[in-house]
Amino acid sequence: MTWKVMIDGYSKSGYLRNADNLRDILTLYNEMRCSDVCPSQNILSLILQCCASFCVTPLGKTLHCQIFKSNFNYDVVLQTGLLDFYAKVGDLSSAKRVFDEMSHRDVVANNAMISALSKHGFVKDAQNLFDSMQDKNSVTWNSMITCYYKIGDIDSARLIFDCNPIKDVVSWNAMIDAYCKVGNLSCAEELFDRVGEVKNSITWNTMIAGFVQCKEFRRALRSFEHMQTERVKPTEVTMVSLLSACAHLGALDMGEWIHGYINKNKLRIDAVLGNALIDMYSKCGSIAAALDVFHKLHVKNIYCWNSVIVGLAMHGYGNEAIDYFLSMEKEGINPDGVTFVGLLCACCHSGLISAGRNYFSQMQSVYGVEPGIEHFGCMVDLLGRSGLLVEALELITIMPLKPNAVVWGSLLRSCHLHKDPELGEQVTQRLLELDPKDGGNYVFLSNLYASLSRWKDVDRCRKLMIESGVQKVPGCSSIELDNAVHEFVAGDSSHPQFPQINVFLVDIAKKLKDQGYEPDTGSVLHDIYDEEKETSVSYHSERIAVAFGLMSTPPGKQIRVIKNLRTCNDCHTAIKFISKIYKRDIIMRDRNRFHHFRNGLCSCKDYW
DNA sequence: TTAGGGTTAG
């Protein structure tokens, strides 16, 4: 068998898409070189692609030298391969040099350069290059070329044609992606509308992924509907973006529908799609379905393991997260920084203090993973929540990284939890220096004072907040019913069914009182009269969403609510009561974790 | 030879 047949075989089978097989192809290439066999141009291009995909910089550079020194036809194909290699390993100036040195640049070379510029954040330059290319039906270009032809100047006609290749669908897709990646959705959409009949599934995938990257999850789902209307066949990549949108929205019904679509249409569930499914199920409250997908996967990589560990952590299954971590080790997969975020988070949410300390201390020494600010953040949270406020503060003081607002914010919450206003004030001061516009910091300090009935301080905090011009992010909860996501903002009555919800909320309040529930008004920002405080708390968004869920679904049906902020103590207590009174399982995802309410209890064991 | 997808601390 010739080298070419072997390497081509690898290439066509998709074998090279897997990083684990990279060593095989490189070994093969080395053997070929040692056998004094001169690689063909096709093989060189292929090896360059490998070097680009897996960032094997030294070999790529060696290839460049070899190409230069030997008698290769240093043509547009090899040059484009080199350009792409340099761009993908992060060396834009070398990529530019290769591009500038090209005597002839075709559409592929231009596209590769658009992509290179975009990857390095030079969208304006990418747009200029894109604009310099001809439009397929451009009257100006066509008439110029025709003119030269008519006067018999074929060389000039050819020159214009060659120097300004016609944009193809790849050019459009690369440019749309460039705008999406910098968050400029309006320019991306404008281009998307102009693509015309060449638009393909990748164009749709790029736009849908762009919506997801810009956190426009509903627009991503709507775009998918349009894609279906236009009868463009979705691919695995479409599904990954849609599942990510569902995960963020907590749209389990839609996520399940997508899973069904994947199975029905026999789409290939690889590690990326598998991971998207695991993440969707986990973030939509169904950890059992997430584990089911995980165990059925044929190929699992570190993303899949991390998603499962993080998922278990969010659902409060600390010991199970540790078990999966141990299994991962047994399978020979090395943990990375994300694994340790999951693991430490699991210890934190389950109160596993000594396990958390052990894993944190072993990160570097045993696993060779350097702790980042996020790992110190987890530890400050773990210690703080356990009431070890002094130790948490000490860790912040001695840590080798500059503490950020997240780290201080975590300690402030612990000060609130363990009612330490003195330390809370100090911490807030640090927080306001770091992030003076974050209203959440004032709210936490204010709530800390309120929980101690220090109303003057609450008032001072409120005034400070007004003077600084900061605003609290409004609490927002959503619930999915019949494939539609309903959103409720605290105190907002704009939902068309609000009158009925309101009646139901009054009914809930009465039943709660009958069952002995006492409102905890410490979670209200202002010092107002008790009765008013109680009303204000009962209009928190999660309470409205739960009420809407109760009145709109049949008895016994599980209710799932997603909240953008952490749930307050009072709503947490009230929902525990509600789960018992109405005999419903209520699953709530707040900004921090999942709460599974059942029969008056919560899976977080009131520790969150 | 060029374009699209995944996990992460408050």
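Each chain gets a letter, A, B and so on, in the order its sequence line appears, and its residues count up from 1. Only this structure's heavy atoms are used, side chains among them; waters, hydrogens and symmetry mates stay out.
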With heavy atoms under 4.0 Å as the rule, sort [X] into base, sugar-phosphate or nothing.
X	value
A:G409	nothing
A:T238	nothing
A:T80	base
A:K199	nothing
A:A209	sugar-phosphate
A:L411	nothing
A:K88	sugar-phosphate
A:A109	nothing
A:D75	nothing
A:Q79	nothing
A:V76	base

Choose from [options] the nucleotide whose nearest atom is closest to any side-chain atom of [X].
X	options	result
A:V237	B:dA9, B:dG5, B:dT8	B:dG5
A:V77	B:dT1, B:dG5, B:dT2	B:dT1
A:R566	B:dT2, B:dG10, B:dT7	B:dG10
A:I373	B:dA9, B:dT2, B:dG6	B:dA9
A:D84	B:dT2, B:dG6, B:dG10	B:dT2
A:V240	B:dA9, B:dG5, B:dT7	B:dG5
A:N111	B:dT2, B:dG5, B:dA3	B:dT2
A:V338	B:dA3, B:dT8, B:dG5	B:dT8
A:N275	B:dA9, B:dG6, B:dT8	B:dG6
A:R413	B:dT8, B:dG10, B:dG6	B:dG10

task: Would you mind checking if A:D177 and A:K181 are paired as a salt bridge, meaning a charged N to carboxylate O distance below 4.0 Å?
output: yes
message: For A:R97, is there an ion pair with A:E101 - N to carboxylate O distance below 4.0 angstrom?
response: no
Please report, rounded to the nearest Å, how far the [atom2] atom of [N] is from the [atom1] atom of [X].
X	N	atom1	atom2	value
A:I309	B:dT7	CD1	P	15 Å
A:F360	B:dT8	CZ	P	20 Å
A:L83	B:dT1	CG	P	14 Å
A:L352	B:dA9	CG	P	18 Å
A:W172	B:dA3	CH2	P	18 Å
A:F130	B:dT2	CZ	P	19 Å
A:D279	B:dG5	CG	P	16 Å
A:D590	B:dA9	CG	P	13 Å

Quiz item: [X] side-chain donor-acceptor pair to [N] base, under 3.5 Å:
X	N	result
A:N301	B:dG6	yes
A:R591	B:dG10	yes
A:N404	B:dA9	yes
A:D168	B:dA3	no

Looking at [X], does any N or O in its side chain come under 4.0 Å of the phosphate oxygens OP1/OP2 on [N]?
X	N	result
A:N592	B:dG10	yes
A:K119	B:dT2	no
A:S115	B:dA3	yes

task: Fit a plane to each ring of A:H315 and A:F594, take the angle between them on a 0 to 90° scale, and name the class: parallel (under 30°), tilted (30 to 60°) or perpendicular (over 60°).
output: parallel
Aromatic plane relationship, A:W204 with A:F192 - under 30° parallel, 30 to 60° tilted, over 60° perpendicular: perpendicular
- prompt: So, do A:Y367 and A:F325 have ring centers that fall under 6.0 Å from each other?
  reply: yes
- request: Could you tell me whether A:F340 and A:F360 have their ring centroids closer than 6.0 angstrom?
  value: no
message: Going by the rule ring-ring contact (aromatic ring centres under 6.0 Å, His included), which residues pair with A:Y303 if we only count those two or more places apart in sequence or in a different chain?
response: none
- request: Under the salt bridge (Lys or Arg N to Asp or Glu O under 4.0 Å) rule, collect the residues that match up with A:E216, sequence neighbours excluded.
  value: A:R219
